[in-house]
Amino acid sequence: MGDTGLARVVLETRDVSKCYYLDGVEVNALRSVDLEIRQGEMVAIMGPSGSGKSTLMHIVGLLDRPSSGEVILEGQDVSSLAPNELASLRNRHIGFVFQAFNLLSRTSALANVELPLVYGGVGGSERARRAREALERVGLANRLGHFSSQLSGGQQQRVAIARALVNDPSIVLADEPTGNLDSRSGIEVMAVLQELNEQGITVILVTHDDRVARHAERAVHMFDGRVREDGPVADRIMAADEMASLPPEGATG
Amino acid sequence: MNLPESFRIALRALAANKARSLLTMLGVIIGVAAVILLVGIGTGVQDEVTGSLEGLGSNLLFVVPGQYEGGMGGGGAPPGRRFTLDDAETIARRVEGASAVVPVLQAGAAIKAGNRSMRVVVAAGNEQGTEVFTSDLAGGRHYRRGEVQAASRVVALGDRVARELFPNQDPLGKQVTLNGQRFTVIGYYQSLGGGLGGDQDSQVYIPITTAQRLFNLNYVSTIVVKATDADEIEVVRRDIRRALLPSFGDEFTVFSQEQTLGILSDLLGTLTYMLAGIAGISLLVGGIGIMNIMLVSVSERTREIGIRKAVGARTYDILSQFVIEAVALSVLGGVFGIVLGWGGAELIAQTTPVPTNVTPWAVAMSFLFAFAVGVFFGVYPAWKASQLDPIVALRYE
Ligand SMILES: Nc1ncnc2c1ncn2[C@@H]1O[C@H](COP(=O)(O)OP(=O)(O)OP(=O)(O)O)[C@@H](O)[C@H]1O
Ligand SMILES: [Mg+2]
């Protein structure tokens, strides 16, 4: 799926800026960002703390609206839609994976994964079937009924990934998905993301960790709210290879 | 997302916090139970009082001395002259549409049989008394015309009197004394039940003439007139006025059954509404409890709201989820309250002389009120939840 030159543009930002006002002081979190994400890409957004990565991800994920500029999702300008319209678009086109997992507590893995389907109007056995399939794809077929509190961090993050992809989104957005995980679980999560990307899902990965970013095939470097560098990753790391080279510790999942 | 889905989510959230949900409901439970119970008592009393009057029939007129303008109770001038048996005679003679004219006198007395005695209300009338007062004989007979004319010392006993004086005995033909005078028991009545508003089971019945001698009175307190036809009641009323005009002028009042009933049920109805209002206030307090808990719940679950919004929940979805939660609390509390109040009313009816009547109307009203309380006090917290910015909510610790 690496032939970016041919794939269609799923998401595009045109001259996007985001400005916060804190006690009368203007903070330019994003300044004129132009970005194109193509179908099937795996893109890492990198940069130091405060460079605007999360802000960009919120805007690209339709959780937030830019102060100026356009966000074009699947050909449609979404930068000035109302919150409820954005919610519907998020439901259909975006899957989120957060650093803090953000699963519903005291709720089974299956019910967590079903959540986007609930709001997407999918009901009954169809919903359960699709949620089960998504959990199978992240290797958690045997943890359907477990509550989040009964799962390891890596497993929780994989439930979150299953939730992100259950609606067949255009893009999966992952903000520091390995930030709260030990290195082994982190590698597992990256393996899952790479595998999904192999299957054709577009993945945007936000990280300040260079090594994590090298799991993507393209890296966008942010600095002070601007895109400073945008190009292919030179020596891509394949998580599957890393897994193989890890000492055979008690296998998880 | 559809409504059943919101229901499922809301009920799951309530089940996850059972103790808290129950405590929150307690306010509504107590409020609704209080409404049901108090309105049940009010309605029960109202029913019994109006029922015992209605039992008399709708074609009755009550003639009392004195002028009463507004209602029966108070305010009137003291009667200048009282009625006598002759006035009853006059009415009987001059009013065509009257099928029965009963002069009535009531007074307290001590009744004694052997070594047993009790205080009773002596109710006296004439032989037509059975036409205007409900009374089912359990044994014996009423006093007759001849006995009224002769002022015979015969007495018929209310159910309670009969059983207290003659436990496990047939009172017929036995001797009793009323204020020291000997009477023969000629009949006794079936229980009329109840205990409020004139306990007829504790009364004894004697001829009016006998009563006047017994109490050394020459007047009667009321004259009850029964119209042959209920539709002719206004004609009868007019004729009574005409018959009494020469000797009384307008120093008397004729009440119809309807007026009496109307006044009484207005009074009791107002009382019932007041009770309901007081109980309703506790229901409101319960509603504030729900709002309080819902606000706590919203802030506790800010992150959950953020997650739901991130994966596509719209304002409406969050709003309905939390409103349904509040309404579920209040409606569930309402149902428990109804059960509790109803049970309490039954218990009171069975263990005390206070009658209760839980009407479907009262149940429906308190249920709807509980529902409304849930909506009213649930909307604000739910609205707050639905307006949360997903990014802020997701960052919330
Ligand atoms: N809600 C806000 N109000 C005011 N300023 C904000 C807000 N959110 C972000 N900022 C500012 O915008 C800039 C970019 O923040 P952002 O969270 O995008 O950084 P980041 O690249 O994700 O950093 P990190 O790697 O630490 O997560 C920062 O200077 C931050 O202070
Ligand atoms: Mg960030």
Side-chain angles (χ1 to χ4, degrees), chain A residues 18 20 29 54-55 57-59 61-65 81-108 111-124 127 147-148 159-160 162-167 169 172-173 175, chain B residues 1-22 293 296-325 328 382-397:
Chain A
K18 182 72 183 180
Y20 293 109
S54 294
T55 306
M57 177 167 137
H58 291 150
I59 288 175
L62 312 189
L63 284 168
D64 204 355
R65 284 182 292 194
L81 293 181
N84 277 344
E85 294 171 304
L86 291 178
S88 295
L89 286 174
R90 279 201 297 277
N91 183 257
R92 272 180 282 136
H93 295 294
I94 314 279
F96 290 99
V97 179
F98 301 97
Q99 178 172 356
F101 317 144
N102 278 336
L103 299 177
L104 295 184
S105 58
R106 283 186 286 194
T107 305
S108 71
N112 263 294
V113 176
E114 282 183 355
L115 205 58
L117 298 174
V118 167
Y119 294 111
V122 181
R127 183 201 298 171
F147 285 5
S148 357
V159 172
R163 182 181 64 192
L165 58 88
V166 74
N167 252 359
V172 169
L173 292 173
D175 192 355
Chain B
M1 191 176 59
N2 47 14
L3 220 54
E5 206 63 65
S6 304
F7 257 104
R8 236 167 37 95
I9 294 172
L11 290 183
R12 211 187 273 165
L14 292 181
N17 256 317
K18 285 193 192 69
R20 181 203 276 187
S21 303
L22 202 73
I293 287 299
V296 171
S297 178
V298 166
S299 81
E300 265 182 8
R301 285 151 68 192
T302 301
R303 193 182 266 264
E304 173 193 327
I305 295 161
I307 296 168
R308 290 183 183 279
K309 287 200 151 190
V311 303
R314 286 146 299 178
T315 314
Y316 159 82
D317 295 322
I318 303 294
L319 188 77
S320 63
Q321 176 189 341
F322 281 90
V323 169
I324 287 172
E325 238 181 90
W383 178 82
K384 257 187 90 167
S386 73
Q387 294 304 309
L388 281 173
D389 181 340
I391 300 170
V392 176
L394 279 170
R395 284 221 187 102
Y396 187 86
E397 290 304 320

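Just so you know, these numbers come straight off a predicted model, no measurement behind them. Chain letters run A, B, ... following the sequence lines, proteins first and then strands; every chain starts at 1.
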*Can you find a side-chain donor-acceptor pair between A:N112 and A:T107 that sits under 3.5 Å?*
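Distance-only check fails for A:N112 and A:T107.
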_Matching residue for A:L62 among A:L89, A:N91, A:L81 - test: side-chain contact (heavy atoms from CB on, under 4.5 Å)_ =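 Testing each of A:L89, A:N91, A:L81 against A:L62, the sole residue satisfying side-chain contact (heavy atoms from CB on, under 4.5 Å) is A:L89.
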_Counting heavy-atom pairs under 4.5 Å with chain A, which one of B:P4, B:P390, B:A313 comes out on top?_
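With the most close heavy-atom pairs to chain A, the winner is B:A313.
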*asked:* Between A:D64 and A:K18 (salt bridge meaning N to carboxylate O under 4.0 Å), is one present in this structure?
replied: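 Looking at A:D64 and A:K18, the cut-off is met.
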*asked:* Nearest 0.5 Å, please: how far is CG in B:D389 from NZ in B:K309?
replied: 7.5 Å
*Quick one: what part of A:R92 sits under 4.5 Å from any heavy atom of chain B, side chain, backbone, both or neither?*
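Contact with chain B: none, neither part.
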*Could you tell me which portion of A:A111 (side chain, backbone, both or neither) has an atom closer than 4.5 angstrom to a non-hydrogen atom of chain B?*
side chain
*Is it the backbone or the side chain of B:R301 that comes under 4.5 Å from a heavy atom of chain A, or both, or neither?*
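Interface part for B:R301: neither.
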*Which heavy-atom pair separates B:A310 from A:F96 by the least distance, and what is that distance?*
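Scanning both residues, the minimum pair turns out to be O-CE1, 3.5 Å.
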*Count the heavy-atom pairs under 4.5 Å between each of A:L103, A:V122, A:L86, A:L104 and chain B, then report the option with the highest count.*
A:L104
